[in-house]
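Numbering of residues begins at 1 and proceeds along the displayed sequence.
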Amino acid sequence: MTTAVVRALGALAHDAAHAHTPAPDGCDCPPPVVLADRADGTVVRSGAVVAKAHAPGTDTAALAARLRLSARPALADVLLAPLPVPAQPPTAPVTAAEHPARPSPYLIELHGRPVTLWPYGEPVDPVDPDAAPWEEAAALLARLHRTPLPAPELPVMRGPTKAALAVDRMRAARPGDDPSTGPVLAAWRRLPGWARDETPAPADRARFLCHGDLHLGQLVRYPAPRGRWLLIDVDDAGIGDATWDLARPAAWYAAGLLPPEIWFRFLGAYRAAGGPALPADGDPWPELDVAARALTVQTAALALAKSAAEGRDPDEVEQMMIGSCARIATLAPELATGSAS
């Protein structure tokens, strides 16, 4: 991310933080802070507001629909709502004036990137894993999945698309006959077409409102620092198979990364909240299997891509996910197909 974009995001967030309390001359606010800077987005905080530059090439019409979803009052106890963005920010340098067809009052373009504003929420403490809100995350997902689909309809949930992009990234980072990619590609080939983003998901499964990329980094307390937990980052939200939102913790549990007691707490909380993706009791794995295997492949593929870019071997945790792919690749075909395919 360029310095100019980071400065523009900081200025935009600063302006929004002072929207109702104008900054005095010689404002002594702390300088903006970069909270995240990745290929899929850059987030800068100024006081009580954060500005996010979304990934280049983002479908702005689809993002606008997802922002409308986040702003729905009916989901105020599930999703963090965006803040309106002025069409022409007073101090943030923009590359163009107001576009006549601005797709959303929550969206503007800065330096060629779609940008949104959000209230700051307190994230999960990364150094206190015992305090991670697994049950709260499960209950939020259950409420989201129970929500009737809005009209007009949302785009398709992007989970399978992200899995396919991860595999493409791995192939680009480790081209040719790199043997480390073999187990991952073998597990990938055993997934049904819909989980590889090659065909639409079955109609009887793709009927839920989904987050699309659930992990602990997608939860914040709002108002900070002790408000209720809410889901953030709707870039991948849409209509899809709700098991995808449960698949990352399921994959971690299957790989041995998530302790059984935490997995069963998460699973129990989802069921107790009436989550519709799973039966109320009994073995959840026939429903979870395909999505969990897809998230296993996605995680392993990203690990191989990242380690290649950094010129190192995969670390112990990354090797566990690659090992899970190797086990998936040895399943008998009828087991690899799964009832959720």
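- Two residues are said to be in side-chain contact when any heavy atoms from C-beta on lie closer than 4.5 Å; Ser70 and Tyr106 fail this criterion.
- Remark: Asp77 engages Arg143, Arg228 in a side-chain contact (heavy atoms from CB on, under 4.5 Å) (not counting sequence neighbours).
- Ring-plane geometry between Trp263 and Tyr253 is classed as parallel, the angle between the planes falling under 30 degrees on a 0 to 90 degree scale with a further cut at 60.
- Scanning both residues, Val50 and Pro119, for their nearest heavy atoms gives CG2-O, 4.4 Å.
- Tyr270 and Leu267 fall within the same hydrophobic cluster, where Ile, Leu, Val, Met, Phe, Trp and Tyr residues are linked whenever their side-chain heavy atoms come under 4.5 Å apart, directly or through other members.
- Side-chain atoms of Arg72 and Leu79, non-hydrogen and from C-beta on, never get closer than 4.5 Å to each other.
- The main-chain N or O of Trp194 is found under 3.5 Å from a side-chain atom of Thr199 such that the two form a donor-acceptor pair.
- Between the His211 side chain and the Asp233 main chain, a donor and an acceptor come within less than 3.5 Å of each other.
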* To do: Just do the side-chain contact (heavy atoms from CB on, under 4.5 Å) check on Val44 and Val34 with the steps written out, would you?
  => CA-CA 4 Å; Val44 177; Val34 178; 4.2 Å; yes
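- Checked for salt-bridge contact, Asp235 and Lys52 meet the test: a charged N lies under 4.0 Å from a carboxylate O.
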* Please report the C-alpha distance between Asp213 and Arg248 in whole Å, then the side-chain angles of each, then the deciding distance to 0.1 Å, and finally whether the side-chain contact (heavy atoms from CB on, under 4.5 Å) criterion is met. => CA-CA 8 Å; Asp213 189 30; Arg248 184 173 272 111; 3.2 Å; yes
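- If you chain together hydrophobic residues whose side chains sit under 4.5 Å apart, Leu219 and Val234 fall into the same group.
- No donor-acceptor distance shorter than 3.5 angstrom exists from the side chain of Glu287 to the backbone of Thr243, with no hydrogens or angles considered.
- Although no hydrogens or angles enter the test, the distance criterion places a donor-acceptor pair under 3.5 Å between the side chain of Asp245 and the main chain of Gly212.
- Atom CG of residue Leu12 and atom CG of residue Leu117 lie 4.5 Å apart, to the nearest 0.5 angstrom.
- Around the CZ atom of Arg226, the shell of radius 6.0 Å holds no more than 12 heavy atoms that belong to other residues, nucleotides or ligands.
- Leu246 and Phe208 fall into different hydrophobic clusters, where Ile, Leu, Val, Met, Phe, Trp and Tyr residues are linked whenever their side-chain heavy atoms come under 4.5 Å apart, directly or through other members.
- There is no path of hydrophobic side-chain contacts, each under 4.5 Å, that joins Leu216 to Leu302.
- Rounded to the nearest 0.5 angstrom, Asp40 CG and Leu165 CG are separated by 11.0 Å.
- For Leu304 against Arg174, the heavy-atom pair with the smallest separation is O-NE, 2.8 Å.
- Nearest heavy-atom pair, Leu191 versus Ala195, reported as atom, atom and distance to 0.1 Å: CB-CB, 4.3 Å.
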* Are Leu110 and Val5 close enough, and set up right, to give a side-chain contact (heavy atoms from CB on, under 4.5 Å), and what steps lead you there? -> CA-CA 7 Å; Leu110 283 174; Val5 173; over 6 Å; no
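- The nearest pair of heavy atoms linking Cys27 to His18 is SG-NE2, 3.9 Å.
- Although no hydrogens or angles enter the test, the distance criterion places a donor-acceptor pair under 3.5 Å between the side chain of Glu318 and the main chain of Asp315.
- Contacts of Ala224 classified as side-chain contact (heavy atoms from CB on, under 4.5 Å), with partners at least two apart in sequence or in another chain: Tyr120, Glu122.
- Considering CD of Gln298 and CE of Met170, their distance stands at 12.0 Å, rounded to 0.5 Å.
- Shortest non-hydrogen contact noted between Leu141 and Leu214 is CD1-CG, 3.7 Å.
- Between Arg66 and Ser104, the side chains place no donor N or O within less than 3.5 Å of an acceptor N or O (distance only, hydrogens not considered).
- Note that the CG atom of Asp313 and the OG atom of Ser307 stand 7.5 Å from one another [nearest 0.5 Å].
- Side-chain contact between Leu231 and Val78 is present, with heavy atoms from C-beta onward closer than 4.5 Å.
- Within 6.0 Å of atom CG in Asp128, more than 12 heavy atoms from other residues, nucleotides or ligands are found, so the atom counts as buried in its surroundings.
- Taken to the nearest 0.5 Å, the CZ atom of Arg205 stands 11.0 Å off from the CH2 atom of Trp244.
- Atom CG in Leu140 sits 8.5 Å away from atom CG in Leu144 (nearest 0.5 Å).
- Side-chain contact between Leu149 and Leu209 is present, with heavy atoms from C-beta onward closer than 4.5 Å.
- No side-chain N or O of Thr296 forms a donor-acceptor pair with one of Arg293 less than 3.5 Å apart.
- Residue Asp177 qualifies as open at atom CG: its count of foreign heavy atoms under 6.0 Å is 12 or below.
- Two different hydrophobic clusters hold Leu69 and Val156 under the rule that ILVMFWY side chains link at heavy-atom gaps under 4.5 Å.
- Enclosure of atom CG in Asp283 by more than 12 non-hydrogen atoms of other residues, nucleotides or ligands within 6.0 angstrom is indicated.
- Here the shortest heavy-atom pairing between Trp134 and Pro249 reads CZ3-CB, 3.9 Å.
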* Asked: Would Thr60 and Glu109 count as a side-chain contact (heavy atoms from CB on, under 4.5 Å) if you check the C-alpha gap in whole Å, the side-chain angles of each, and the deciding distance to 0.1 Å?
  -> CA-CA 10 Å; Thr60 55; Glu109 183 178 292; over 6 Å; no
